[in-house]
Amino acid sequence: MNRIIATLTAVVLLLSVTSARADVITDWNTNALDVLKAANVLGNPWSRAMAMVHVAMADAVFSVQPRYKRFAATAPPAPSASAEAAAVAAARQILIQLAPAQKSKIDELYADSLSRIPDGPGKNDGVTLGEQVASVIQADRAGDLANAPDTYRPITSPGVWVPTQPPLFPHYANAKGWGFTQPDQFRPGPPPQLTSTVYARDYNEIKELGGTKSTKRTPQQTEAVKFWTQLNFGPAWSEAARQLCAGKKLDLADNARLFALLTMTIANTFITDWDAKFYYNFWRPVTAIRNGDRDGNDATERDAGWTSSNATPMHPEYPSQASIQAGAAAAVLESYFGTGTLPAFTATDTADPRVQRSFTSIGQMAEEQRLVRIWGGVHFRNTLEVSDQMGRKVSAHLLSNVYTPAR
């Protein structure tokens with residue numbers, strides 16, 4: 001009972017602090033998450049949508065307050081316009097394009113935001129500016145191949161069975177990135193040879209910890225596995241960013257830049273990861289362990305009935321989306337808030353708001369998001385280590401080349 005009361009008290013305090021420091025960037029981060037959830041936009045398309053919303057808002061803000069170079073907008077600065085109105089109008093236009101069935105919900109949120117901005121020419125000019133900037137971002141993404149037809153062809157031979165459910169979004173392997181040129185620009189080297197000691201180490205670790213019948217996985221690890229589903233990966237980083245921004249009291253321009261970089265780098269991980277996944281096409285643990293007698297490694301004993309405790313995602317194992325995303329998101333947040341201990345912040349289950357995870361550093365959150373893929377039986381340790389570094393390289397490139405100071 002005491003633990004429940006303490007948790008509820010912490011949540012109330014956190015909400016009050018966040019609300020006190022909320023601005024249109026953090027407001028529309030939450031709004032975008034709600035709209036995309038209602039529209040059932042998930043996975044790779046979700047990451048693209050969040051980046052479009054925040055890049056449009058950032059470019060709109062920096063068209064009024066030119067502290068940072070813009071990503072795509074080129075119109076002359078409009079210093080007399082309202083930066084808040086511009087950001088809100090840009091977010092609205094992007095969301096209506098991406099989730100047209102949610103227009104009434106979006107317009108209700110839009111009206112509420114505009115009602116908090118003083119009327120006048122600045123507000124009107126800001127709305128016009130935001131809509132213009134959103135159109136530029138929409139044009140920039142129009143040919144990004146994110147909506148290309150799914151023409152994935154399973155590699156097989158006549159008469160040999162393959163899973164009949166297609167993999168998720170294989171065309172993202174060729175999609176246009178945010179701030180980089182080629183999907184293979186960050187492609188890592190290959191996974192370990194099946195006969196290697198590293199592979200045997202990882203095989204036996206996940207076989208022991210990641211199966212449905214594991215007696216080695218702790219209750220705390222099982223709890224973490226249940227929390228860190230695909231539905232929580234991206235939203236958790238947005239939630240953490242909102243809380244950390246509130247604590248540091250970032251202004252509108254810095255919030256705009258941070259959320260644009262965060263959502264862009266997460267979107268980039270889905271592109272660079274999918275490029276490597278479908279290039280290497282490496283097998284998942286459930287396939288590997290059920291075929292442990294066919295890998296040429298005497299240190300890997302087959303378990304014909306082994307099943308992962310977490311549902312195996314419908315795409316290849318190497319690299320890991322969870323880990324590359326964790327590394328990339330952590331690198332962006334650490335560039336603002338550092339690598340040390342921070343006031344506690346939380347991640348909330350999108351399906352059940354009563355369920356939360358609490359962290360005292362960005363690295364701690366990233367590490368848990370990585371390790372649950374071992375405890376859940378869907379990724380090998382080497383994959384997680386390689387993916388974390390891959391994600392950090394993706395972010396380092398973005399931080400060095402996009403939304404840099406204007407002067």
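This is a predicted model, so every value here is computed, not measured. Numbers here are sequence positions counted from 1.
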Run the side chain to side chain donor-acceptor pair (under 3.5 Å) check on Q243 and T346 step by step: do they pass?
CA-CA 8 Å; Q243 295 169 43; T346 57; 3.3 Å; yes

S323 (side chain) donor-acceptor with S320 (main chain) under 3.5 angstrom
no

Mind checking whether Y199 and W283 have parallel, tilted or perpendicular rings, split at 30° and 60°?
parallel

Report yes if some heavy atom in the side chain of E385 is under 4.5 Å from a heavy atom in the side chain of M390; otherwise report no.
no

Taking D275 first and then R187, would you say they form a salt bridge - that is, a charged N and a carboxylate O separated by under 4.0 Å?
yes

Over 60° means perpendicular and under 30° means parallel, so tell me whether W228 and F233 are parallel, tilted or perpendicular.
parallel

All heavy atoms of V35 vs all of A99, minimum pair found to be CG1-CB, 3.9 Å

Indicate yes or no for a side-chain donor-acceptor contact from N401 to the backbone of H397 under 3.5 Å, with no hydrogens or angles considered.
yes

Does the side chain of S395 come under 3.5 Å of the side chain of T265 through a donor N or O and an acceptor N or O?
yes

With side-chain contact (heavy atoms from CB on, under 4.5 Å) as the criterion, how do T307 and K213 come out once you've worked through the C-alpha distance, each side chain's angles and the decisive distance to 0.1 Å?
CA-CA 8 Å; T307 303; K213 299 178 181 178; over 6 Å; no

Determine whether a donor-acceptor pair (N or O, by modelled atom type, separation under 3.5 Å) exists between the side chain of K277 and the backbone of Y318.
no

Say you draw a straight line from CD of Q221 to NZ of K216; how long is it, rounded to the nearest 0.5 Å?
12.0 Å

Verify side-chain contact (heavy atoms from CB on, under 4.5 Å) between L258 and L250, making sure each step is shown before the conclusion.
CA-CA 10 Å; L258 170 60; L250 296 184; 4.1 Å; yes

Closest non-hydrogen contact found for V225 with N310 is CG1-OD1, 3.9 Å

For a 4.5 angstrom cut-off between non-hydrogen side-chain atoms, does H171 reach P149?
no

If you round to the nearest 0.5 Å, how far is CZ of R381 from CG of D202?
7.5 Å

CD1 (I137) and CE (M57) are apart, to the nearest 0.5 Å, by 11.5 Å

Would you please test K226 and D349 for salt bridge (Lys or Arg N to Asp or Glu O under 4.0 Å) and show each step?
CA-CA 10 Å; K226 290 178 180 177; D349 190 343; over 6 Å; no

Report yes if the side chains of C245 and F337 come closer than 4.5 Å at any heavy-atom pair, otherwise no.
yes

Over 12 foreign heavy atoms within 6.0 Å of NZ, K176
yes

Would you indicate whether the side-chain heavy atoms of V386 and T383 approach each other to under 4.5 Å?
no

Angle class for the F259/H54 ring planes (parallel below 30°, perpendicular above 60°, tilted otherwise)?
parallel

With a 4.5 Å cut-off on side-chain heavy atoms, are E84 and L252 touching?
yes

Can you tell me if Q364 uses its side chain to pair, donor with acceptor, with the backbone of T360 under 3.5 Å?
yes

Closest non-hydrogen atom pair between E368 and A224, with its separation
CD-CB, 4.1 Å

Kindly check if the number of other-residue, nucleotide or ligand heavy atoms within 6.0 Å of OH (Y279) is above 12?
no

Is there side-chain contact between Q356 and F227, with at least one heavy-atom pair below 4.5 Å?
no

Short question: side chain of D144, backbone of A175 - any donor-acceptor pair under 3.5 Å?
no

Can R257 be said to sit on top of Y403's aromatic six-ring, NZ or CZ under 6.0 Å from centre and within 45° of the ring axis?
no

Give a yes or no on whether the backbone of T350 and the side-chain of N232 come within a donor-acceptor separation of less than 3.5 Å.
yes

Side-chain (R284) to main-chain (V378) donor-acceptor, under 3.5 angstrom:
yes

How about F186 and F180: are their ring centroids closer than 6.0 Å?
yes

Could you walk me through whether R201 and N382 pass the side-chain contact (heavy atoms from CB on, under 4.5 Å) test, one step at a time?
CA-CA 9 Å; R201 176 204 69 182; N382 178 77; 4.2 Å; yes

For the side chain of Y280 and the backbone of P188, is there at least one donor-acceptor N/O pair under 3.5 Å apart?
yes

Classify the side-chain pair T181/Q185 by whether it contains a donor and acceptor separated by less than 3.5 Å.
yes

Hey, mind stepping through R242 and S238 against side-chain contact (heavy atoms from CB on, under 4.5 Å) and telling me if it holds?
CA-CA 6 Å; R242 291 195 303 271; S238 278; 3.9 Å; yes

Taking the side chain as every heavy atom from C-beta outward, state whether N255 and N29 have any pair of such atoms under 4.5 Å apart.
no

Would you say the side-chain atoms of S214 and E208 include a donor-acceptor pair closer than 3.5 Å?
no

NZ or CZ of R92 within 45° of Y110 ring axis and under 6.0 Å
yes

Between Q321 and Q230: side-chain donor-acceptor atoms closer than 3.5 Å
no

Just checking, any donor-acceptor pair under 3.5 angstrom between side chains of Q325 and T269?
no

Can a donor-acceptor pair be found between the side chains of N297 and T195 at a distance below 3.5 Å?
no

Are L114 and V127 packed together at the side-chain level, in the sense that at least one heavy-atom pair is separated by less than 4.5 angstrom?
yes

Which heavy atom of A56 sits nearest to which heavy atom of I94, and what is that distance?
CB-CG1, 3.8 Å

For S308 and T312, which I'm curious about, is there any donor-acceptor pair between the side chains at under 3.5 Å?
yes

Between CZ of R290 and CH2 of W306, what distance do you get to the nearest 0.5 Å?
9.0 Å

T348 versus E239, side-chain donor and acceptor atoms under 3.5 Å:
yes

For W28 and S113, run side chain to side chain donor-acceptor pair (under 3.5 Å): C-alpha distance rounded to whole Å, both residues' side-chain angles, the deciding distance at 0.1 Å, then the answer.
CA-CA 9 Å; W28 278 84; S113 287; 2.8 Å; yes

For the atom pair CD1 (I374) and OG (S309), what is the distance rounded to the nearest 0.5 Å?
11.5 Å

Picking from W274, F278, F270, what satisfies ring pair (Phe, Tyr, Trp, His ring centres under 6.0 Å) with H315?
W274

Side-chain H-bond candidate by donor/acceptor type, S63 with R70, under 3.5 Å
yes

Ring centroid separation W178 to F71 under 6.0 Å
yes

Begin with the C-alpha distance, continue with both residues' side-chain angles, and end with the deciding distance and a verdict on salt bridge (Lys or Arg N to Asp or Glu O under 4.0 Å) for R370 and D388.
CA-CA 8 Å; R370 286 195 301 272; D388 174 74; 3.0 Å; yes

Name the orientation class of the two ring planes belonging to Y172 and F169 (parallel below 30°, tilted from 30 to 60°, perpendicular beyond 60°).
perpendicular

With a 4.0 Å cut-off on N to O distance, would you call D254 and R67 a salt bridge?
yes

Supply the atom-to-atom distance L398 CG to I266 CD1, rounded to the nearest 0.5 angstrom.
11.5 Å

Could you tell me whether the side chains of T222 and R217 share a donor-acceptor contact shorter than 3.5 Å?
yes

